[in-house]
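Below is one structure, written out as structure tokens; comments come after it.
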Amino acid sequence: GHPQRISINIHVYGKGRRLMLTRDVTALEQAEAMRRDFVANVSHEIRTPLTVVSGFIETLLNLPLSPEEQRQYLQLMDVQAQRMQGLVSDLLMLSRLEGSPAPGGTEWVSAQALLEQALGEAQALSNVISGGQHQLMAEPCEPFDIAGARSELASAMSNLLNNAVRHTPAGSVVRAGWRLCSDGGAEFFVQDNGPGIAPEHLPRLTERFYRVDRSRSRETGGTGLGLAIVKHVAQRHGGQMHVESTVGQGSTFTITLPPSRVLVA
Ligand code: ADP
């Protein structure tokens with residue numbers, strides 16, 4: 001067979017004092033490193049809630065607690081169990097999305113119905129985390145249908161709306177809606193007047209487990225996989241995800257769809 005070719009770069013630093021040899025990292029090695037990182041991240045994300053649950057179980061087994069105290073511990077364990085459930089369902093979703101290039105089961109879906117469903121979920125989330133203090137507003141648009149996978153589109157829209165609730169303080173205003181574009185395509189947008197995102201973070205937001213504020217993401221039930229899911233869903237539907245943000249003013253996330261996926265009645 002062919003001899004294996006390895007390119008070697010030689011760097012000489014300073015006054016010839018230091019010699020360094022580096023081999024070109026092959027695509028295969030990069031993929032392997034990414035896989036290792038991913039497995040390490042997933043393990044860490046599971047271990048943290050699991051440690052908390054184990055601690056509470058130990059307490060329940062070993063300490064004489066009143067029924068009221070027992071109930072409190074069980075509720076805290078429930079939060080951690082839900083966190084693990086959220087992580088597993090996002091991981092499964094992501095693995096489905098990465099496993100096939102086309103959306104699963106395309107049908108015509110009403111853009112308005114998708115918006116109402118996602119807004120309902122975001123309202124429920126706001127009720128839980130801020131006592132319903134977020135102002136969620138639907139932007140009107142003429143009715144149209146989208147050719148796509150209903151569950152994927154719903155998940156992508158919910159992720160953006162839920163993020164706008166989870167990453168902004170109580171009292172923030174979130175506007176969401178569809179817009180028909182001049183080229184015959186359409187876009188979904190979610191705009192908030194929250195803290196915004198510094199420019200250096202923007203290119204990395206769709207990386208799996210990348211978070212600007214780890215503790216806030218976890219406290220509000222984030223898995224760190226939401227925007228990775230949104231990006232995949234947009235791309236599978238022939239579109240893209242965009243983000244514009246100004247620190248101190250807020251963020252706008254959009255999902256664009258090409259004309260081939262849009263049918264105006
Ligand atoms: P998470 O589960 O942490 O929300 P995502 O992948 O959905 O994970 O988002 C990645 C990160 O992007 C979040 O942790 C947060 O730091 C930032 N982010 C997403 N949406 C917003 C927003 N509307 N306002 C401010 N930061 C946001």
Side-chain angles (χ1 to χ4, degrees), residues 82 85-86 89-90 93 97 103 105 107-181 185-197 205-206 216-217 219-234 236-237 239-245 249-257 261-265:
Q82 280 179 28
Q85 248 161 18
S89 53
D90 276 3
M93 175 83 170
L97 296 178
E107 53 183 314
W108 287 105
V109 194
S110 151
Q112 179 65 21
L114 284 171
L115 175 64
E116 279 166 19
Q117 185 192 333
L119 275 168
E121 284 172 31
Q123 184 63 56
L125 180 67
S126 164
N127 293 346
V128 172
I129 69 172
S130 75
Q133 296 279 300
H134 285 83
Q135 293 180 56
L136 296 169
M137 304 202 286
E139 207 71 10
C141 173
E142 74 176 281
F144 68 94
D145 287 342
I146 299 162
R150 184 189 301 273
S151 64
E152 291 181 19
L153 294 167
S155 165
M157 292 168 68
S158 283
N159 271 310
L160 293 187
L161 264 162
N162 292 351
N163 274 353
V165 170
R166 294 177 31 242
H167 297 293
T168 62
S172 299
V173 179
V174 177
R175 296 192 317 120
W178 283 98
R179 258 195 295 259
L180 286 166
C181 305
E187 63 183 30
F188 173 68
F189 69 93
V190 177
Q191 182 185 45
D192 68 63
N193 65 349
I197 304 159
L205 291 184
T206 58
R216 176 155 188 103
S217 168
E219 274 164 30
T220 58
T223 62
L225 299 174
L227 292 179
I229 290 174
V230 175
K231 185 182 96 173
H232 273 288
V233 171
R236 284 152 70 80
H237 287 80
Q240 278 179 317
M241 189 200 89
H242 297 287
V243 51
E244 279 168 40
S245 191
Q249 288 186 20
S251 312
T252 304
F253 286 82
T254 48
I255 298 173
T256 61
L257 291 177
R261 297 215 167 253
V262 176
L263 181 71
V264 184

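For this chain, numbers begin at 1 and follow the sequence in order.
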### Task
Could you tell me which non-hydrogen atom of G148 sits nearest to which non-hydrogen atom of V109, and how far apart they are?
O-CG2, 4.0 Å
### Query
Would a distance-only check, ignoring hydrogens and angles, find a side-chain to backbone donor-acceptor pair under 3.5 Å from T256 to Q240?
yes
#### Entry: Verdict with supporting geometry, L263 and F144, side-chain contact (heavy atoms from CB on, under 4.5 Å)
CA-CA 6 Å; L263 181 71; F144 68 94; over 6 Å; no
### Task
Kindly indicate whether the side chain of E152, heavy atoms from C-beta on, has any atom under 4.5 Å from the side chain of R150.
no
### Query
Could you state the interatomic distance from CG (L153) to CZ (R236), rounded to the nearest 0.5 Å?
10.5 Å
## Note on the structure
Smallest heavy-atom separation, A122 atom then V165 atom, equals O-CG2, 4.1 Å
### Message
Any non-hydrogen side-chain atom of W108 less than 4.5 Å from a side-chain atom of I146?
### Response
no
### Query
So D192 and S172, side-chain contact (heavy atoms from CB on, under 4.5 Å) or not? Walk me through it.
CA-CA 7 Å; D192 68 63; S172 299; 5.8 Å; no
### Query
Would you say S158 and E121 make side-chain contact, with heavy atoms under 4.5 Å?
yes
#### Entry: Closest non-hydrogen atom pair between A156 and I255, with its separation
CB-CD1, 3.9 Å
### Task
Please report the closest heavy-atom contact between S245 and G196, naming both atoms and the distance.
OG-CA, 3.3 Å
### Query
Are side-chain heavy atoms of V174 and V190 found at a separation under 4.5 Å?
yes
### Task
Please list, chain by chain and in numerical order, all residues satisfying ring-ring contact (aromatic ring centres under 6.0 Å, His included) with F253, sequence neighbours excluded.
none
### Query
Which atoms form the tightest heavy-atom contact between Q117 and A154, and what is the distance?
NE2-CB, 4.1 Å
### Task
First locate atom CG of N162, then atom CE of M157, and finally report the distance between them rounded to the nearest 0.5 Å.
11.5 Å
### Message
Between L227 and N159, is the side-chain contact (heavy atoms from CB on, under 4.5 Å) condition met? List the steps.
### Response
CA-CA 7 Å; L227 292 179; N159 271 310; 5.8 Å; no
### R261 side chain vs H237 backbone, donor-acceptor pair below 3.5 Å
yes
### Query
Does the side chain of V264 come within less than 4.5 Å of E142's, by heavy atoms?
yes
### Query
From R175 CZ over to L161 CG, what is the distance, rounded to the nearest 0.5 angstrom?
12.0 Å
### Query
Quick one: OG1 on T220 to CG on L125, what's the gap to the nearest 0.5 Å?
7.5 Å
### Query
CG/L160 to OG1/T252 distance, rounded to the nearest 0.5 angstrom?
11.0 Å
### Query
At what distance, to the nearest 0.5 angstrom, does CE of M93 lie from OG of S155?
3.5 Å
### Task
Ignoring hydrogens and angles, tell me if any N or O in the side chain of T168 forms a donor-acceptor pair with the backbone of G194 under 3.5 Å.
no
### Query
So, T254 versus E187: side-chain donor-acceptor pair below 3.5 Å or not?
no
#### Entry: Donor-acceptor pair, side chain of R216 and main chain of R166, under 3.5 angstrom
yes
#### Entry: Sub-4.5 Å side-chain heavy-atom contact between T206 and V230
no
#### Entry: 4.5 Å side-chain heavy-atom contact, I229 and L97
yes
### Message
Distance to the ring centre below 6.0 angstrom and angle to the axis at most 45 degrees; does that hold for R179 and F188?
### Response
no
### Message
Can you give me the closest heavy-atom contact between P103 and A149, atom names plus distance?
### Response
CB-CB, 3.9 Å
### Message
Would you say that V173 contacts M137 through its side chain, given a criterion of any heavy-atom pair below 4.5 Å between the two side chains?
### Response
yes
### Query
How far apart are the C-alpha atoms of W178 and V262, what are their side-chain angles, what is the distance that settles it, and do they pass the side-chain contact (heavy atoms from CB on, under 4.5 Å) test?
CA-CA 11 Å; W178 283 98; V262 176; over 6 Å; no
### Query
Is it the case that more than 12 heavy atoms not belonging to Q123 sit under 6.0 Å from its CD atom?
yes
